[in-house]
Protein chains: 2
Amino acid sequence: MRPKLTDVAEKAGCSPTTVSRVINNYGYISQKTRDRVYAAMRELNYQPNTLARSLQGKQTKMIGVIMPSITNPFFAELVAAIEDKLEVDGYKMLLCDAGQDSEKERRYLRMLEANQVDGIIAGSHNLGIEEYQRYGLPIVSFDRDLSDQVPIVTSDNYQGGCLATQALVDAGCGHIYFVGNPVKTGHPTSRRFDGYADTVAAAGLTVHTARSAFYELPAAKGRELRELLTSGRKIDGVFCSDDLTAILLLKAAKKLGIGVPEDLKIVGFDGTQLVQNYVPELATIVQPIPDLAGTLVKLLYERIADPEKKLAQNSYLLPVKLLRNQTV
Amino acid sequence: MRPKLTDVAEKAGCSPTTVSRVINNYGYISQKTRDRVYAAMRELNYQPNTLARSLQGKQTKMIGVIMPSITNPFFAELVAAIEDKLEVDGYKMLLCDAGQDSEKERRYLRMLEANQVDGIIAGSHNLGIEEYQRYGLPIVSFDRDLSDQVPIVTSDNYQGGCLATQALVDAGCGHIYFVGNPVKTGHPTSRRFDGYADTVAAAGLTVHTARSAFYELPAAKGRELRELLTSGRKIDGVFCSDDLTAILLLKAAKKLGIGVPEDLKIVGFDGTQLVQNYVPELATIVQPIPDLAGTLVKLLYERIADPEKKLAQNSYLLPVKLLRNQTV
DNA sequence: ACAGATATGTCAATCGTTTGACAGAAAATA
DNA sequence: TATTTTCTGTCAAACGATTGACATATCTGT
């Protein structure tokens with residue numbers, strides 16, 4: 001049997017109330033009693049039952065983190081960074097991989113509510129705004145506008161699009177393509193395209209896009225990219241909306257004997273440690289993953305501390321960096 | 001205010017007991033009442049408070065998953081697979097990234113106990129066996145012997161080592177190196193080396209190793225590998241104990257103008273989807289991630305259902321597959 | 001010696017649910 | 001009609017903690 005508070009009290013020779021007071025630092029407690037109680041706790045290897053504490057009104061110290069697929073290195077690193085911050089503050093992470101499945105996301109949302117989590121970090125977006133508003137929980141969102149009441153944290157995708165494209169322009173490209181996810185307008189990541197489009201226009205060049213589905217199989221995507229390169233169109237620069245696509249493009253070019261960067265320059269987006277370490281030649285836009293995680297967590301804490309408090313800002317745009325490498 | 005059981009009772013015009021009976025399918029309930037209760041629940045958007053239920057004696061339906069760094073694609077895919085299985089059965093996953101930090105792992109272990117998780121899947125191993133035994137929780141282990149009482153699930157690392165090395169031998173290599181983690185004997189992954197060593201010996205060749213730390217920085221590791229290749233030693237085949245190392249080696253060889261597979265053949269280990277998709281030329285040993293996850297989860301369920309039951313097997317060794325590609 | 005601060009204890013309510021004991025009513029069966 | 005079986009309700013105790021009210025005892029310092 002797991003020891004309980006009364007067992008500790010008995011062992012320490014005091015009342016349950018006193019033990020609770022020690023644990024919660026409440027009321028007057030002499031150092032001597034405090035020591036005796038701690039000794040008893042250690043001896044019995046006592047852990048307060050968090051269920052009981054939370055039921056009584058305390059926080060659960062649990063945060064629900066809803067993300068699409070952590071098998072994507074970017075989300076894996078983001079989740080790892082979030083976990084790291086939360087753990088330091090004694091929070092636990094219920095990880096919810098919602099994938100592309102809105103039913104699953106809905107189930108998870110209900111589940112998180114039933115489990116009385118203190119807050120939610122939402123990075124997966126298969127559901128409408130209303131669904132998120134229904135639950136009166138502190139929420140912060142990554143990469144998506146949910147509502148005025150929900151702060152949103154994103155990288156400065158527009159800036160990233162500009163930086164990437166400008167790098168291609170500066171490198172002398174005259175036929176710059178945008179290759180990436182077919183994003184709905186309004187979605188923050190579509191700002192990458194906007195940055196691209198504006199920069200291309202400012203340079204007096206034309207917009208060319210070859211959009212491919214984010215969740216498409218990589219093999220099919222690779223084939224598509226090879227077709228693009230062999231289509232006879234003039235292409236000397238490509239801004240890919242994510243690094244994984246950029247890697248596929250790089251491979252396609254190599255296979256076709258197209259020199260990178262001589263004949264074709266490439267810039268990706270995301271800049272995970274994984275890609276930086278294992279595809280170090282790829283020029284890319286680096287999202288500030290630790291800062292993103294830090295901001296998400298910090299804002300969530302604020303919401304938890306005071307859910308009613310009006311937000312100073314609704315939107316937090318974090319600067320990105322161009323990592324100039326051999327592919328540009 | 002969140003609705004509670006009594007609110008549902010009131011709305012449905014029946015007693016709390018009846019509502020509870022409906023929820024728990026307990027005792028006699030007419031279909032009519034059942035329908036009325038469900039209607040009331042839906043109308044109020046009622047979710048039973050899992051804290052209260054669990055406190056009362058029900059399971060928490062929470063599983064602690066302790067892993068080292070999910071930024072490693074292998075663990076990311078393993079965790080994703082585990083999460084997927086658990087969610088189907090209504091379990092939630094508390095993800096604990098213990099990294100290389102034994103203090104953190106200890107904190108997590110205590111925390112999981114305090115949170116009354118139903119069981120633990122342990123894949124991170126910074127702590128001694130005793131620490132795991134102290135907590136009377138159902139545990140299954142990935143890739144490590146904890147004790148007779150804890151079932152262990154692993155890929156057949158020995159078989160993998162053999163397959164990989166044999167592939168190199170068959171391809172005509174005469175100077176085959178083992179490059180990888182400096183693993184302590186006894187650890188399941190050291191069986192990869194054993195398989196390598198036995199196969200090399202059987203072919204009448206000599207064992208050569210160049211071990212490098214798993215958690216070493218990739219840049220340093222890459223440098224080491226380049227040194228290895230330029231050291232003047234005769235090397236025509238390398239079995240890397242993980243794919244990431246294999247990728248670094250591949251890059252080192254390319255940079256040095258060493259032809260792969262003409263001059264140097266390489267086989268890796270892990271075979272994640274990510275690597276298969278984005279480094280498709282790499283020959284590797286594929287760990288059966290979905291099966292590993294399935295087995296871990298299934299065994300954990302059995303332990304939860306009956307913690308006392310003697311284990312049919314203590315160790316589950318899952319077969320691996322050689323993925324023959326251009327690097328061999 | 002006495003006020004006030006400090007320390008500890010007892011008791012009971014509370015959090016939201018489950019579940020057993022028991023009673024009584026309605027419905028089904030004999 | 002009598003007897004089961006089925007349905008629903010009331011009541012209360014539990015789960016393991018927190019916390020407020022209140023009483024009492026032991027220290028301070030003056």
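Below, read A as the first sequence line, B as the second, and so on, with proteins coming before strands; counting in each chain starts at 1.
Here D:dT18 is the nucleotide among D:dT18, C:dT17, C:dG16 with the atom lying nearest to any side-chain atom of A:Asn24.
B:Val37 is not listed as a side-chain neighbour of B:Lys32, based on a closest heavy-atom distance of 4.5 Å or more. The side-chain heavy atoms of A:Ile63 and A:Ile120, taken from C-beta on, include no pair separated by under 4.5 Å. Residues B:Arg303 and B:Val150 are not in side-chain contact: their nearest non-hydrogen atoms beyond the backbone lie 4.5 Å or more apart.
Distance alone, capped at 3.5 Å, places no donor-acceptor pair between the A:Asp270 side chain and the A:Thr272 backbone. Without hydrogens or angle criteria, A:Lys104 side chain to B:Val88 main chain gives no donor-acceptor distance under 3.5 Å. B:Asp84 places no side-chain N or O within donor-acceptor distance of the main-chain N or O of B:Ala80, the cut-off being under 3.5 Å.
Following rounding to the nearest Å, B:Ile23 (CD1) and C:dT17 (C1') show an atom-to-atom distance of 9 Å. Atom CZ of B:Arg2 is separated from atom C1' of C:dC15 by 12 Å (rounded to the nearest Å). The NZ atom of B:Lys4 sits 14 Å away from the P atom of C:dT18 (whole-angstrom rounding). Across the protein-nucleic acid pair, A:Leu55 atom CG and D:dT19 atom C1' stand 14 Å apart, rounded to whole Å. Atom-to-atom, CG of B:Leu5 to C1' of C:dT19 comes out at 12 Å; the value is rounded to the nearest Å.
For residues 40-49 of chain B, proximity to DNA chain D is found at no residue, defined as any non-hydrogen atom under 4.0 angstrom from a strand atom.
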| note | Whether each nucleotide of nucleotides 23-30 of chain C has a protein heavy atom under 4.0 Å at its base (B), only at its sugar-phosphate (S) or at neither (-) is summarised, 5' to 3', as --------
| If the sugar-phosphate is the primed atoms plus P, OP1 and OP2 and the base is the rest, what is the B/S/- string for nucleotides 5-13 of chain C, using protein heavy atoms under 4.0 Å? | -BBBBBB--
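Counting non-hydrogen atoms of neighbouring residues, nucleotides and ligands closer than 6.0 angstrom, the CD atom of B:Glu10 reaches no more than 12 such neighbours. Remark: A:Lys61 NZ is packed, more than 12 non-hydrogen atoms of other residues, nucleotides or ligands lying under 6.0 Å away.
The pair B:Arg107-A:Glu87 meets the salt-bridge criterion, with a side-chain N (NZ, NE, NH1 or NH2) lying under 4.0 Å from an Asp/Glu carboxylate O.
Taking each heavy atom of B:Glu113 and A:Arg2 in turn, the nearest pair found is O-NH1, 2.7 Å. What you find for A:Lys85 and A:Val297 is that their closest heavy atoms are CB-CG2, 4.0 Å.
Residue A:Lys58 places no side-chain N or O under 4.0 Å from the OP1 or OP2 atom of C:dC15.
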